[in-house]
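Below: one structure, written as C-alpha cells.
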Amino acid sequence: MSVGQAIPTTVGEPPDGDLQQQFLYEMLLIRRFEEKCAEMYTRGKIRGFLHLYTGEEACAVGAINALRADDKIVTHYRDHGHALARGVEPNRIMAELFARVGGTNEGRGGSMHIFDVSRNFLGGYAIVAGHMPIATGLGLAANLSGEDWAALCIFGDGGVGEGEFHEALNLAAIWKLPVVWFCENNGYGMGVPFDDSLANDVYKIAASYQMPSVRIDGMDVLEVYSATQLALAHVREGNGPYFIEALTYRYRGHSMADPELYRTKAEVEEYRKRDAIERLKRSMIADGLLDETNYQALVARVDAEVDEAVAFADASPEPGLHTLYDHITKEYEGDAE
Amino acid sequence: MSVGQAIPTTVGEPPDGDLQQQFLYEMLLIRRFEEKCAEMYTRGKIRGFLHLYTGEEACAVGAINALRADDKIVTHYRDHGHALARGVEPNRIMAELFARVGGTNEGRGGSMHIFDVSRNFLGGYAIVAGHMPIATGLGLAANLSGEDWAALCIFGDGGVGEGEFHEALNLAAIWKLPVVWFCENNGYGMGVPFDDSLANDVYKIAASYQMPSVRIDGMDVLEVYSATQLALAHVREGNGPYFIEALTYRYRGHSMADPELYRTKAEVEEYRKRDAIERLKRSMIADGLLDETNYQALVARVDAEVDEAVAFADASPEPGLHTLYDHITKEYEGDAE
Amino acid sequence: MREAIREAMREEMLRDQRVFLMGEDIGAYGGSYACTRGLLDEFGPERVRDTPISESGIVGAGVGAALAGFIPMVEIMTINFSLVALDQIVNNASKLHYMSGGQVNVPLVLRMASGGGSQLGATHSHSLEGMFAHFPGLTVVCPAFPGDAKGLLKRSFREPNPVVFIEHTALYGARGEVPDDPEHLVEFGQASMVRSGTDVTLVGYSGSVHQCYRAADMLSAEHGLTADVIDLRTIRPLDMSTVVSSVRRTNRAVVVEDDWKFGGFAGEIAAQIMERAFDWLDAPVARVAGKDVPMPYNRNLEYAALPSEEDVVEAVLAML
Amino acid sequence: MREAIREAMREEMLRDQRVFLMGEDIGAYGGSYACTRGLLDEFGPERVRDTPISESGIVGAGVGAALAGFIPMVEIMTINFSLVALDQIVNNASKLHYMSGGQVNVPLVLRMASGGGSQLGATHSHSLEGMFAHFPGLTVVCPAFPGDAKGLLKRSFREPNPVVFIEHTALYGARGEVPDDPEHLVEFGQASMVRSGTDVTLVGYSGSVHQCYRAADMLSAEHGLTADVIDLRTIRPLDMSTVVSSVRRTNRAVVVEDDWKFGGFAGEIAAQIMERAFDWLDAPVARVAGKDVPMPYNRNLEYAALPSEEDVVEAVLAML
Ligand SMILES: Cc1ncc(C[n+]2csc(CCOP(=O)(O)OP(=O)(O)O)c2C)c(N)n1
Ligand SMILES: Cc1ncc(C[n+]2csc(CCOP(=O)(O)OP(=O)(O)O)c2C)c(N)n1
Ligand SMILES: [Mg+2]
Ligand SMILES: [Mg+2]
C-alpha cells in the first residue's frame, strides 16, 4: 500500500471466515454473471453498450462490503459488479439488460444505468466523471442531515482526465464531506493507457487536495476491504474525504465492441495470473477456510443463480408502448409530499 | 520564493537601469490608465463590466516583459494591464472601452476582450478559466511548429476552481508543452476569499502535475520578472510547462459594480503599504537609478498619454449600424489562403 | 423583482428545512444581482453556501443533495456560465427520474440571470431559455413580473423535478404587486393574458413581454389597433391553448424573444400556431427576435441586435 | 460513409501540413467508430493524437492551435460528450472572430457522432444538431451520403471558421458513390434534391433524409403520390431557397428530424416555410421528429421514440 500522505493506522476487523466466504461467493457471482452477459449479448438478448467487469471483482466486493446499508453509492457505467456486490438481485439486473419491466429500471436504463434505490445504489452513470459531483452532493446531504452515513464514488482511471474530477474533489475537500473516492485504475481508458492520460499517479494528484490518499492492490479483495474500512472510519468522523486508487485490470475489451488493437494477449494473460478469485481461493484453502468441495458448491450455486437470472429476465415482459411517456417527471402532488 | 518542487537555479540577467525605468513607466501607465477608466465609467463613457487592475501592476509588467515578441499571451477579463504591458497602444484600448471603431476590437469586444494580434496578444477572456485550454493549444502549436516560442496564460485564483484548470494543466504536462501558467492570486474570486475556494495552495496543486511550480511575491516586479524568465527558459528547452503563483492584491472592487461587503478598508490599506510602484521607486532611488525629478517626468508622461488616449477615444467614431454583421465569420476565399 | 425573488427563497427556507441555497457569491457578496442579500445573516453559511467557481461541480452537487432528499437551489450567476454545467443539467438532472425507471427524482431549482442589453459583450449576453426548454424532464420558468416571479419560484421549490428558473437582468429593478400570502403559488404551464385586444396576438416571455406590452401601447396610440399580449410565464410546459385560442380570435400573431432568431424557441411557437390555427391565420406568424450575431459591446450595435417594441410594431403593420 | 470520412481526412492531411487530428481513442484504438483507423500508422502520433478524456480541454486546445495557424480536427467521440465542451465551442470557437473585431479566426473542425437507434439509452442517444445550429459563427454540417460526407468534410478543412461536422452513427456503414478527386468539395448552404415529385416536399438532414427517401418510396408505391426529397446537407447555413421553391410547387411540406420535436430545429424550418411560402401552403407544415422523452433503452420504446418512415407517410396522408 503506497500512501499519498499520513493516514490513520488503526485497521478494522480482519474479515472472518464467513465474510471471506461471502467475498468469494460474490466475486464468483460477478464473474459468472458477466460471462453470461457476454453470451447473451452475442445472442442479441442484451443490446447497446455492454462493459464487463471481469477481472475487477475484488474492487466491488472489497469496497462495497465495507459499507453500511445506509451509505450511498454512485458508480460509472461498468456497474453490474457494483450492483451485485451491493445485493441487487441478479434477476432484476439481468432483466434490465434484457430491457424488461422486471428490470431494476423497468427497461429504461440498460447496462450503464443500473439503479436500486432500496439499496442506496444511486446509479451507474455513463458520462465519464459526470457522477463525481453527485457524490459530492451526497456527502453534502449527509453533512447537512447531521447523520453519519457516507457516499462511495467509484470511477475509472480515465475519468480522472475530466474537469469534474477536480471540481468534485475540491468541493468535497474544502467542505470536509464524507465521500470515499474509489478509483478503479484498470490501466486503460478505452484504448488509451493510463500513463498517457495523467501527469502523475492518480493518488498523488488526489493527495494534493489535502485528503488522505492511498494506492492499493485492487486484485486483493482483503486489502480493498480493509482500505475501504479505514477510509469510511475516517470520513464518518468528520475528517473530510478520502481517496483510494485500486490497481486492477479488465480481462475483456472496453466494451463488447472493442477490437482490442491497443494491447497484447500476453499482457492479459500476465494479469490473469494474479486473478483475485484464485488468490482468495488459495489463501482460504491455506487458512483452512475452504476446501475444493465447498468451492465447487459455491460455483454451482452461482451458476444456478445466473441461469435463474436469465430465465427470470426472459420471462419478464417488455414494457408496453403506452408506457413510453412514463417517468419523464415525477408527478406534483401539491404539498402532500 | 516558495518552491513546489526542485526548479532550475540559474537566474536570468537582472534588469538593468533602463529596464527598471521601463517597468516603472509601465506600472505607472497602468495605474493611471485604470484610474482614468474608473472616471470614464462614472461618466458613462465606458459601459458594461469594468474590472480594474490597480494594485496588481507588477504581475503584468514583470511577467510580460520577460516574453519575446513571438511569444503568445492569453489572459482573463481583467486585461487592460496585460495589454498595456504588451505595448498595445493606450489609445486603442481606451477607444475599445469607449466602443469606437478605433478600438482594438472595433468596439465589439469591450473591456473584457481586448485583442491585439499584431503583438501576439491573443485576448482577454471573460469566462473564468475558459482560456486555459486555449493556452494548451497554443503550446501544442508551438511544439508542432518546431519553433521555440512559448505561451503565457494569465488567470486569477478563482479560475483554479474550474475543471478546465485541471484539464489544461494536465494536457500541457503530459504533452510537455511550452506554457507558462501565471496565476494572479489576489486573494479573492469576486467576494469569495481564496482560502474558502481551494483545498490547498494553488502552486502545490499545480506541482502535483509534475511541473515546476513556484509561489512568488506578485507585488515585486523584479521577482516577477526573474521568475518568469526562469519559467520561459525552462519551457523553451522542451521541459514542459511551468507554474507561477503570484501573490497580489486588487485595490478596487471586483468590478465597478462591487459593493465590497466582504472585506474591510483596513485590509486594503494594509496592502497599499506594499504598493509595487512605491517599492520599485524606492529601490531605484536607493540604487541611484532614479530621482524625484525623473519620477515626476515619468508621471507627467503617463498622464499625458492617458489624456491623449481619452481624446483619441472620444474622437473615434462609433461603428455604423451597417457593420452589425461584420466579422461573424471570416470569408472563405477558396484555396487562395 | 429582486425582492420578490428573495422573499420567495426566504419563505421557502422558513417553510421547509430541506431547502438550502448555494452558489458563487450568494453569501458575503450578497449575490451578483443582490437577490440573496441578507439571507446569509438570517440562515447561516450551511444553508446559504458560498461556493468556489465550479459550476459543473455545484450543479452536480445540487443533483446529489436532491437525490438524498434535500431541495437545493443552485444559483448559476448568469445563464452564460450554465454552458460549463450543461452536462449536469441535461444528462443528470433532467434524466435520472426517467432512466431509473422512476426510482429517484431530482427536486432541484437552478436560478440564473439572463439577457443582453447591458453592454457585457458576446460571452455575457446570452438568452438561452429556449435551449433549456428543448430537454424533456426540465421545467423552464421565465417570469416577466415580480408577483409571478415570487409565485413561480415558490412553486418551483415544491416541484419534485428540476426547474430552470431564468431571470432577465433588465427586470431585476421592475416593480409590481407582490402577494404576501406564503401560499401564493403560480402554476406551471399557464400563460397569462396581460392585455387583450382584437387585431393581433403578441406572445412573449421574460423581458420580451414588456416589449410586447409597449408595442401594444404604440399600436393603439398610433395605429388604432388593439392586441392580446400573452406572457407565457413558463416555456416548458408551454401553454399553447391560451395562445391558440387568442390567435383564432385575432387571426395574426407575433412571437417575440431576445434570443437569436435562427433556431430559436420562437420557431417552436410559430410552428405550433401554424399547426393548430392554420385556417384562422390571415398572415404568417411573425418572429421578432435577436439578430443572428454574437452580441456586440457597442451600445448602438447592441441595441440594433436586440428586438425592440418598434420591431414588434413594424412586424404587426407588415402583416395587415 | 466511414471510409469517405477517413479518406477526406487523409487527403486533407496530405494536402496541408497544418492539418492535424486529435481526440479520444482516435489513434491506437482506431476511433470508436473506426473513422481514423490506419491514420496513426500513416501520419504518426504528432498528427494523429490520442488524448485523455478531457473534451473541454481538447476542444479548447483545438481553438488555441487554430489561433496559432494550424487546422485542427478534434473528434468528440459522440455528440453526447459535446455538452461538457459546449462552452469552448460557443464562447470561444464561435465568437473569437467577432469579438476580436475580425483580428483572429478559428479554422477548427469538430467531428462528432450523433443519433439514437442503437439502444444506448438516454445519455448516449442525443441528436443535437439543431442546438449547434443556433449559434452564430458556427457552420453545422450533417451529411446523409458518403460522397457528400467526403466533399463536405474536405470543404470543412478549407473553411477559416469553426465547423461542427456531425455524423449519424446509423450511417457509418452506408454505401454510395464517393468521388476520388482530391478537389471534390461540396459547398456549404446548398441543399440537394435527392428525389423529385409533385405532391409534397419532404425535408431532412443526416439520418432523416433516408426516412424521407423511404417514405417517398412508400408514398409512390402505396398511395400513388410523388415527393420532393430535400437533403439539407448543412443546417447552418441553411438553404431555404431550395426548400421554399419546392414547397411553392408542391404546396405541402413535412420536415423530419431525429431530435426531440419540442424546441427542435424542425420548428425553424417550418416557421421559415410559413414565412416564405404562406400563400402556397395547402396545409400546415408538419414536423415528424423524436418523441419528447429521454431515449429509452428498450428497443420497442426506442423505436417508438424515433421518427420512422411510416410516421412521415402518415403525416403526408393527414395533410391531403
Ligand atoms: C464525457 C465522456 N467522454 C467520453 C466517453 C466515452 N467513454 C466511455 S467509457 C470511456 C473510457 C473510460 O475509462 P475509465 O474511466 O478508465 O473506465 P474503464 O472503462 O476503464 O472502467 C470513454 C472514453 C463518455 N462516456 N463520456
Ligand atoms: C465560468 C464563469 N463563472 C463565473 C463567472 C463570473 N465571474 C467573473 S470574474 C469572477 C471571479 C474570478 O476571480 P479570479 O479568477 O480570482 O480573478 P480576479 O477577478 O480576482 O482577478 C467570477 C465568479 C465567469 N465569468 N465565468
Ligand atoms: Mg480504466
Ligand atoms: Mg482573484
Side-chain angles (χ1 to χ4, degrees), chain A residues 2 4-5 127-136 139 155 157-177 179 181 183 189 192-213 215 235 239-243 245, chain B residues 2 4-5 127-136 139 155 157-177 179 181 183 189 192-213 215 235 239-243 245:
Chain A
S2 320
Q5 60 184 92
I127 301 298
V128 167
H131 60 306
M132 297 189 70
I134 292 185
T136 300
F155 55 97
D157 52 293
V160 178
E162 293 283 6
E164 287 177 316
F165 166 86
H166 168 69
E167 297 190 15
L169 260 64
N170 184 48
L171 294 176
I174 60 172
W175 295 338
K176 290 207 170 306
L177 304 180
V179 183
W181 303 105
C183 178
V192 178
F194 173 71
D195 291 340
D196 298 349
S197 296
L198 197 69
N200 201 347
D201 293 327
V202 181
Y203 78 102
K204 288 184 186 155
I205 299 244
S208 79
Y209 299 89
Q210 306 218 68
M211 63 181 86
S213 183
R215 168 180 279 178
V235 308
N239 301 313
Y242 195 108
F243 195 94
E245 175 186 5
Chain B
S2 320
Q5 59 182 93
I127 300 297
V128 168
H131 61 305
M132 297 189 70
I134 292 186
T136 301
F155 55 98
D157 51 294
V160 178
E162 294 282 6
E164 286 176 317
F165 167 86
H166 168 70
E167 297 188 17
L169 259 65
N170 184 48
L171 295 175
I174 61 175
W175 294 337
K176 289 207 173 301
L177 304 180
V179 182
W181 303 105
C183 179
V192 178
F194 172 70
D195 291 340
D196 297 350
S197 296
L198 197 69
N200 203 347
D201 293 328
V202 181
Y203 78 101
K204 288 184 185 156
I205 298 243
S208 80
Y209 299 88
Q210 306 216 68
M211 61 180 87
S213 182
R215 167 181 278 179
V235 308
N239 302 311
Y242 194 107
F243 195 94
E245 175 187 3

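Because the structure is predicted, anything quoted here is derived from the model rather than measured. Proteins come first, then strands; the chains are lettered A, B, ... in the order of their sequence lines, and each starts at number 1.
- The candidate with the highest count of non-hydrogen atom pairs below 4.5 Å against chain A, out of Ala172(B), Gly240(B), Gly161(B), is Gly161(B).
- Shortest non-hydrogen contact noted between Val128(B) and Gly159(B) is CG1-CA, 3.3 Å.
- Of the atoms belonging to Asp195(A), not a single heavy atom falls under 4.5 Å from chain B.
- Note: Tyr209(A) and His166(A) have tilted aromatic rings, judged against thresholds of 30 and 60 degrees for the angle between ring planes.
- Between Phe155(B) atom CZ and Glu162(B) atom CD the span is 12.0 Å, to the nearest 0.5 Å.
- Of all the listed residues (Leu171(B), Ile205(B), Val160(B)), the one sharing the greatest number of non-hydrogen pairs under 4.5 Å with chain A is Ile205(B).
- Separation of atoms OG (Ser213(A)) and CH2 (Trp181(A)) is listed at 12.5 Å; rounding is to 0.5 Å.
- Ranked by non-hydrogen atom pairs under 4.5 Å with chain A, the options Ile174(B), Asp201(B), Asp196(B) are led by Ile174(B).
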